[in-house]
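In what follows, residues are counted from 1 in the order of the sequence shown. None of these values were measured; they are calculated from a predicted model.
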Amino acid sequence: MQRFLLPLLFLALSPPAICHYSSSTSSPSSSSVSSDASEWRPARATYYAATNPRDAVGGACGYGDLVKSGYGMATVGLSETLFERGQICGACFELRCVDDLRWCIPGTSIILTATNFCAPNYGFDPDGGGHCNPPNKHFVLPIEAFEKIAIWKAGNMPVQYRRINCRKEGSMRFTVDGGGIFISVLITNVAGSGDIAAVKIKGSRTGWLPMGRNWGQNWHINADLRNQALSFEVTSSDRSTVTSYNVSPKNWNYGQTFEGKQFETP
């Protein structure tokens with residue numbers, strides 16, 4: 001039995017406290033994943049199996065415990081060619097097994113959210129053991145997801161994939177962390193295109209301040225926004241923008257998670 005282990009980043013995070021506050025929003029644009037991106041394209045897929053299914057499984061996008069973050073096992077790690085240095089984090093893909101009648105489960109596909117990175121292994125050729133080496137387009141799935149489309153004995157399978165719009169239950173979530181004047185915000189449960197291109201933050205006594213991508217979907221800024229209600233403007237890769245005002249109260253604390261407006265999906 002072949003088992004391919006995806007390099008994982010384990011993050012010790014306590015469960016966030018979800019807080020609900022009223023927020024007003026701007027209307028997002030009606031753009032969606034382009035027709036070119038939604039065409040089926042060839043790739044390959046392998047799987048990994050956690051040694052303990054109760055382990056907190058994180059990843060290179062910074063989502064931490066994927067079950068507690070709401071992503072479950074419907075997730076995927078992407079090879080370097082697809083990962084785009086983390087900008088693709090949160091995007092959704094549909095995968096289906098092709099070209100192998102022995103192992104494919106006919107008529108099935110699975111929808112996955114990009115949450116991790118499959119690092120290259122330059123000790124092997126791309127056509128050998130270096131499955132995630134450039135220029136390969138490779139997906140690494142939890143075995144629970146892989147078995148939705150193929151028998152596990154298949155190992156390294158030819159698949160087809162396409163970008164699709166993400167459909168998420170509930171609101172977009174903002175987990176605020178940091179210390180002092182350093183603020184880091186992890187943005188999760190993003191519908192629409194799923195991946196984020198730009199973020200701005202606003203305190204109740206400031207104007208809009210652009211945030212920088214720290215890693216994955218963690219965004220940061222050096223600004224003293226303590227004792228101020230926080231608002232967020234999030235722009236996705238398809239240029240849709242959602243603005244959520246006063247998602248936190250002025251007495252927010254580091255480690256809390258707040259909910260804002262969600263992107264609409266057609």
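Residues satisfying the ring pair (Phe, Tyr, Trp, His ring centres under 6.0 Å) test with Y254, not counting sequence neighbours, are W252. Annotation: salt bridge (Lys or Arg N to Asp or Glu O under 4.0 Å) contacts of E147 (sequence neighbours excluded): none. Judged as a ring pair (Phe, Tyr, Trp, His ring centres under 6.0 Å), and not counting sequence neighbours, the contacts of F139 are F93, Y161.
D125 places no side-chain N or O within 3.5 Å of a backbone atom of D127 that could act as its donor or acceptor partner. In this structure a side-chain-to-backbone donor-acceptor pair under 3.5 Å is present from N136 to H131. S248 contributes a side-chain N or O that, together with a main-chain N or O of L230, makes up a donor-acceptor pair within less than 3.5 Å. Here the side chain of R163 pairs a donor or acceptor atom with the backbone of S193 at under 3.5 angstrom. Here the side chain of T206 pairs no donor or acceptor atom with the backbone of K202 at under 3.5 angstrom. Using modelled atom types, one side-chain atom of Q228 and one backbone atom of R205 make a donor-acceptor pair closer than 3.5 Å. Between the side chain of N189 and the backbone N or O of S171 there is at least one donor-acceptor pair closer than 3.5 Å. Panel note: side chain S231, backbone N246; a donor-acceptor pair is recorded below 3.5 Å. A donor-acceptor distance shorter than 3.5 angstrom exists from the side chain of S69 to the backbone of Y63, with no hydrogens or angles considered. Distance alone, capped at 3.5 Å, places no donor-acceptor pair between the N218 side chain and the S184 backbone.
Rounding to the nearest 0.5 Å places CD1 of I105 at 4.5 Å from CD1 of I151. Distance CH2/W40 to CZ/R96: 4.5 Å, rounded to 0.5 Å. One distance of note links CD of Q160 with CG of L95; it measures 9.5 Å at 0.5 Å rounding. Here OG1 of T46 is found 8.0 Å from CG of L141. Values are rounded to the nearest 0.5 Å. To the nearest 0.5 Å, the span separating CG on D195 from SG on C166 amounts to 7.5 Å. Distance CZ/F263 to NZ/K168: 13.5 Å, rounded to 0.5 Å.
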Show, in sequence, the C-alpha distance, side-chain angles and deciding distance for M172 and F232, and conclude whether the side chain to side chain contact (heavy atoms under 4.5 Å, CB included) test is met. CA-CA 11 Å; M172 201 181 322; F232 295 94; over 6 Å; no
Could you walk me through whether V199 and V185 pass the side chain to side chain contact (heavy atoms under 4.5 Å, CB included) test, one step at a time? CA-CA 10 Å; V199 178; V185 178; over 6 Å; no
Residue pair Q256, V176: steps toward the side chain to side chain contact (heavy atoms under 4.5 Å, CB included) verdict: CA-CA 6 Å; Q256 287 184 297; V176 182; 5.9 Å; no
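Checking R173 against T257 by side-chain atom types alone, no donor-acceptor pair falls below 3.5 Å. Residues T235 and T241 bring a donor and an acceptor atom of their side chains to less than 3.5 Å of each other.
For residues 187-221, there are no disulfide (SG to SG under 2.5 Å) pairs, not counting sequence neighbours. For residues 217-227, the pairs satisfying salt bridge (charged side-chain N to carboxylate O under 4.0 Å, His left out) are D224-R226, with sequence neighbours left out. Applying the salt bridge (charged side-chain N to carboxylate O under 4.0 Å, His left out) definition to pairs two or more places apart or across chains, none involves residues 75-90.
A side-chain contact (heavy atoms from CB on, under 4.5 Å) with T81 holds for exactly one of C132, P126, P120, P134; it is P134.
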